[in-house]
Each structure stands twice: as C-alpha cells, then as structure tokens.
Amino acid sequence: MRKLGRKTDHRLSMLRGQVTFLLEKGRLETTATRAKEVQSLAEKMITLGKKNTLASKRQALSFITKEDVVKKLFDEIAPSFEGRCGGYTRVILTGPRRGDAAEMAIIELVTDEKKEEKKSAKKAADKKAAPKAKKEAAPAEEAAPAEEVKEEAPAEEAPAEEAPAEEAPAEEAAEEAKEEAPAEEAKA
C-alpha cells in the first residue's frame, strides 16, 4: 500500500471517503496514485457485495462511511457485476493538473455496455410503441377534437385574409426601391 504522504489514520480516512464517493456516484476524479489505491479497495468492497452475507455486510459497513452506499452496493452495484470476476473499475489518466502538475485520473465503475445498449434500445422501442398503441386505442376520441378544430377554423381564417393586406405595403416598398434606383443612376 502506498503511503501517499500521510500518516496511517489520515490515509485510511481519505481512502474510505473516496471509496464511498466512488460507490455512491460511480465516478471520481483524483490523482493517479490515489486512484490506483481507491481502485484496489473499491474492488474488494464490490467482491464483498457479491457474497451478500451478514458478515460481508458488516465488513462493508465497517469500511464504507455511509449506510445508504452499503445498501446500494449490495442491492444494485454487486448484482450488476454478477457475471464478472474482477475488473469492476477503470482508471483513465487525464493529464497533469494545473498548478502542481500532479498526474490526474478519473476512476469509474465499469458498466456493461451491451446491457445498457439493450436497455436503451428497449426504452426506445417502448416509446415508439406507446404512441402507436394510444392512436389505435382511441380513434373515436380523435374524431371529436377534429370537429372542434373545424368550428374554430373560420375564426383563424380572418387573420389569414389580413396577411395579404400586410404584404401590399411590402410590395409598395419594393416598387419605391425600383423607382429610386434609376434616379440614383441618373445622378451618377
């Protein structure tokens, strides 16, 4: 274990806080060396979550600083990694930090992209199917509002008749511009 320039108690407290934040939010930006330490500890916590015993829950509660995060670990995170034997997190180096040039990294939980693509495709299909189902279920309901629109249509036609009247001044302006152009040419 790296010492990270801190005494043992401070170092463990910092790492516990970062592991808790990572499991809560799913992503954490920190220095590269801290990210590597957090990665090790976070993967151990996820492995505990996969065991799902009382003893493993107590072990996780003794390390993770929030009870809600432990519940999330055992109910959501660990089951999502059921078919995976390690490699639950990834560290992506982002380059040096301005100021002290410390190498920065993002550590995040690995998501199964295939599962997410299937979920997003399924949601998109459901959204497309839902409007079709509504259209097929209520064609009679749509007929009544169409009649109401026909009643309101004559009221809307009156402003449409006024529109050509508004265009007339625009046409007059165009004719005046044509008349001014030959006058300007005569002056030149």
Side-chain angles (χ1 to χ4, degrees), residues 1-138 142 170:
M1 180 181 265
R2 297 173 181 88
K3 295 193 178 185
L4 302 173
R6 286 165 171 70
K7 295 191 177 184
T8 306
D9 292 338
H10 186 197
R11 179 176 61 246
L12 290 177
S13 176
M14 177 190 64
L15 292 173
R16 287 176 62 197
Q18 288 188 331
V19 169
T20 302
F21 186 85
L22 173 65
L23 294 175
E24 183 178 20
K25 305 292 184 182
R27 185 180 184 133
L28 169 71
E29 184 174 3
T30 184
T31 62
T33 53
R34 285 184 192 170
K36 290 176 184 175
E37 287 300 311
V38 169
Q39 182 178 27
S40 167
L41 295 169
E43 293 204 5
K44 288 177 184 174
M45 291 298 115
I46 294 172
T47 302
L48 279 176
K50 287 173 69 174
K51 290 181 184 175
N52 201 10
T53 63
L54 180 60
S56 62
K57 285 183 183 178
R58 288 180 175 168
Q59 260 187 311
L61 278 167
S62 72
F63 188 79
I64 297 172
T65 59
K66 295 180 181 177
E67 289 182 28
D68 297 340
V69 177
V70 173
K71 182 166 177 48
K72 181 179 178 181
L73 172 66
F74 281 84
D75 294 344
E76 298 171 20
I77 298 171
S80 69
F81 291 117
E82 199 61 43
R84 188 180 276 259
C85 297
Y88 310 120
T89 59
R90 77 169 62 102
V91 175
I92 303 167
L93 299 176
T94 58
R97 176 169 56 193
R98 287 191 66 174
D100 65 352
E103 188 67 31
M104 296 300 288
I106 295 174
I107 181 170
E108 59 188 8
L109 297 175
V110 174
T111 56
D112 194 7
E113 295 171 5
K114 293 178 183 176
K115 286 183 181 178
E116 287 190 13
E117 288 176 10
K118 288 180 182 177
K119 287 181 182 178
S120 63
K122 185 176 180 181
K123 286 181 182 178
D126 290 343
K127 287 181 180 178
K128 289 180 181 176
K132 289 180 182 177
K134 288 180 182 177
K135 288 180 182 177
E136 293 172 0
E142 291 182 12

Val69 and its side-chain contact (heavy atoms from CB on, under 4.5 Å) partner, picked from Val19, Leu23, Leu22: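 Result for side-chain contact (heavy atoms from CB on, under 4.5 Å) with Val69: Leu23.
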For [Y], does its backbone N or O pair with a side-chain atom of [X] as donor and acceptor, under 3.5 Å?
X	Y	answer
Arg11	Arg6	yes
Glu43	Thr89	yes
Thr20	Thr65	yes

Distance check, rounded to the nearest 0.5 Å: [X] atom [atom1] versus [Y] atom [atom2]?
X	Y	atom1	atom2	result
Glu29	Ile92	CD	CD1	10.5 Å
Arg16	Ile64	CZ	CD1	9.5 Å
Lys7	Ser13	NZ	OG	15.0 Å
Leu93	Met104	CG	CE	11.0 Å
Gln59	Lys44	CD	NZ	11.0 Å
Leu12	His10	CG	NE2	10.5 Å

Arg58 atom CZ: more than 12 heavy-atom contacts under 6.0 Å: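 No.
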Other residues, nucleotides, ligands: >12 heavy atoms within 6.0 Å of Asp9 CG: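 No, the 6.0 Å shell around CG holds no more than 12 heavy atoms from other groups.
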Can you find a heavy atom in the side chain of [X] that is under 4.5 Å from one in the side chain of [Y]?
X	Y	answer
Met45	Ile77	no
Asn52	Lys57	yes
Leu4	Thr31	no
Glu24	Asp68	no
Phe63	Leu41	yes
Gln18	Leu28	yes
Arg2	Lys36	yes
Thr47	Tyr88	yes

Check [X] against [Y] and note the closest heavy-atom contact, atom names and distance.
X	Y	value
Leu73	Pro79	O-CD, 4.1 Å
Leu109	Phe81	CB-CZ, 4.5 Å
Ala105	Ala35	CB-CB, 4.2 Å

Salt bridge present between Arg90 and Glu108 (N-O < 4.0 angstrom): yes
